[in-house]
Amino acid sequence: MHQIHVVYHSNEPRDQIPRIIQVEPLCVPRPPSVPGLINGQLASIWISTRLQRLDFQWLELLKLFVDGDFQNYHFQLEATLVSMKRVVDDLVMASYCIFKGEEVELSRKIEVDGWGQLFRNGKPTVIGQEIIDEFIGEYDSFPGVLNELVNALKHSYLMAEARNQWNNHFPLVSAITAPRNDYSKEVSVHDHDMAELVLGFNKFVKQVIIKMHPKSVGPVLDLRFHFLGSAS
């Protein structure tokens, strides 16, 4: 068994506990509406709404960490990571629908429905590379790390072992995962500071929305980011 230790660092400034980035509902770029399938503005509003909910989940996670509530901390951590993943995937789906609007309307098929669908065998597909170039830009390891963490929550047999880990200094995110639960070969051992994942999430969301905004299908308000309880 060969272990790969995965530790994410956002390389973002950090002088206090970060909050989840917020975007006003009518500022979020809109994918096209498809009659009988999806209201584009509703899809964009739910991205904003989920960001608000995520901030609440993150603050609740911090409280459970400070209280040392081991069991509920891990359940809340799962919910927070899944919500983060949903925002990332919603942004990717919205980007695809903007990019392939006419095709989606005719076929009613969304072939790229999340971050993982941009890649095959670890490399971007043709359409994946086009979406990355047009809507995402340069990115660090955050979306891949998040993808692997959420897949571990869903599939890894060793998550029970990973959940036994605790850190008194920062909210720890641990996972042990291997392709198809084959632990005889390569095993990824994740140990992350959740605050670093929040900073990576904020960085990713901000840069994608900035690139999407001029391509919005339908009017949107001027883009403004903020954090609940403060301004930025």
Side-chain angles (χ1 to χ4, degrees), residues 2 4 6-11 21 23 28-34 36-40 42-44 46-47 50-51 81-156 173 175 177-182 185-188 190 192 197 199-218:
H2 173 60
I4 299 174
V6 185
V7 181
Y8 176 75
H9 297 288
S10 68
N11 295 316
I21 196 167
V23 190
V28 180
R30 292 161 54 177
S33 294
V34 180
L37 188 64
I38 183 67
N39 180 315
L42 193 60
S44 65
W46 269 101
I47 292 173
R50 187 175 292 279
L51 289 172
L81 292 172
V82 169
S83 286
M84 282 182 163
K85 176 74 162 54
R86 181 68 208 213
V87 171
V88 169
D89 288 345
D90 279 348
L91 289 172
V92 170
M93 275 192 285
S95 296
Y96 175 81
C97 289
I98 292 172
F99 193 61
K100 294 284 188 180
E102 187 175 336
E103 189 176 306
V104 170
E105 186 168 354
L106 290 173
S107 68
R108 292 176 174 256
K109 249 166 91 176
I110 300 172
E111 294 187 2
V112 175
D113 60 2
W115 180 258
Q117 291 296 311
L118 298 174
F119 304 87
R120 186 174 293 117
N121 298 323
K123 295 182 178 180
T125 63
V126 173
I127 183 64
Q129 189 63 60
E130 290 175 333
I131 290 172
I132 289 168
D133 291 343
E134 191 80 12
F135 296 94
I136 295 170
E138 292 186 12
Y139 57 92
D140 65 9
S141 63
F142 168 77
V145 166
L146 180 64
N147 204 57
E148 191 160 294
L149 286 172
V150 173
N151 282 339
L153 292 175
K154 294 190 294 183
H155 304 297
S156 174
V173 183
T177 183
R180 301 184 181 279
N181 281 306
D182 181 357
K185 299 175 185 176
E186 192 171 277
V187 178
S188 294
H190 288 259
H192 308 287
L197 291 176
L199 288 168
F201 174 81
N202 287 346
K203 178 167 60 174
F204 181 86
V205 169
K206 184 175 183 178
Q207 75 177 45
V208 173
I209 289 180
I210 286 173
K211 287 183 76 71
M212 288 176 67
H213 196 264
K215 304 173 182 72
S216 175
V217 180

Quiz item: Any donor-acceptor pair under 3.5 Å linking the side chain of Glu186 with the backbone of Ala178?
Solution: no
Quiz prompt | Over all atoms of both residues, closest heavy-atom pair of Gly114 and Met93 | solution = N-CG, 4.2 Å
Self-check item: Expected output: side-chain Ser188 to main-chain Ile4 donor-acceptor under 3.5 Å
Solution: no
Quiz prompt | Shortest non-hydrogen contact between Leu81 and Val150, atoms and distance | solution = O-CG2, 3.8 Å
Exercise. Find the distance between NZ (Lys211) and CD (Glu134) and round it off to the nearest 0.5 Å.
Key: 7.5 Å
Self-check item: Minimum heavy-atom distance between Ala43 and Pro31, given as atom pair plus value
Solution: CB-CG, 4.1 Å
Self-check item: Donor-acceptor contact below 3.5 Å, side chain Glu148 vs main chain Ala175
Solution: no
Self-check item: Shortest non-hydrogen separation from Pro29 to Met212 and the atoms involved
Solution: CG-CB, 3.5 Å
Practice problem: Sequence neighbours left out, what pairs pass side chain to side chain donor-acceptor pair (under 3.5 Å) with at least one residue falling in residues 90-115? | Solution: Arg86-Asp90
Quiz prompt | Nearest-0.5 Å distance, CZ of residue Phe119 to CD of residue Gln129 | solution = 8.0 Å
Quiz prompt | Lys215 vs Phe99 side-chain heavy atoms within contact, under 4.5 Å | solution = no
Practice problem: Would you check if Phe135 and Ile98 make a side-chain contact, meaning some heavy-atom pair closer than 4.5 Å? | Solution: yes
Quiz item: Rounded to the nearest 0.5 Å, how far apart are CG of Asp89 and CG of Leu118?
Solution: 9.0 Å
Exercise. Find out whether Val112 and Val92 are in side-chain contact, i.e. whether some heavy atom of one side chain is under 4.5 Å from a heavy atom of the other.
Key: yes
Quiz prompt | Working for side-chain contact (heavy atoms from CB on, under 4.5 Å), residues Ile209 and Val23 | solution = CA-CA 9 Å; Ile209 289 180; Val23 190; 3.8 Å; yes
Quiz item: Side chains of Phe204 and Val87: closer than 4.5 Å at any heavy-atom pair?
Solution: no
Quiz item: Taking the side chain from His192 and the backbone from Tyr8, do they hold a donor-acceptor pair closer than 3.5 Å?
Solution: yes
Quiz item: So do the side chains of Tyr139 and Val208 get within less than 4.5 Å of each other, counting heavy atoms only?
Solution: no
Exercise. Please name the pair of heavy atoms, one in Ser10 and one in Gly200, separated by the smallest distance, quoted to 0.1 Å.
Key: CB-N, 3.9 Å
Quiz item: Is any side-chain heavy atom of Val88 closer than 4.5 Å to a side-chain heavy atom of Met84?
Solution: no
Practice problem: Only counting residues at least two apart or in another chain, list the ones meeting side-chain hydrogen bond (donor to acceptor under 3.5 Å, both in side chains) with Glu130. | Solution: none
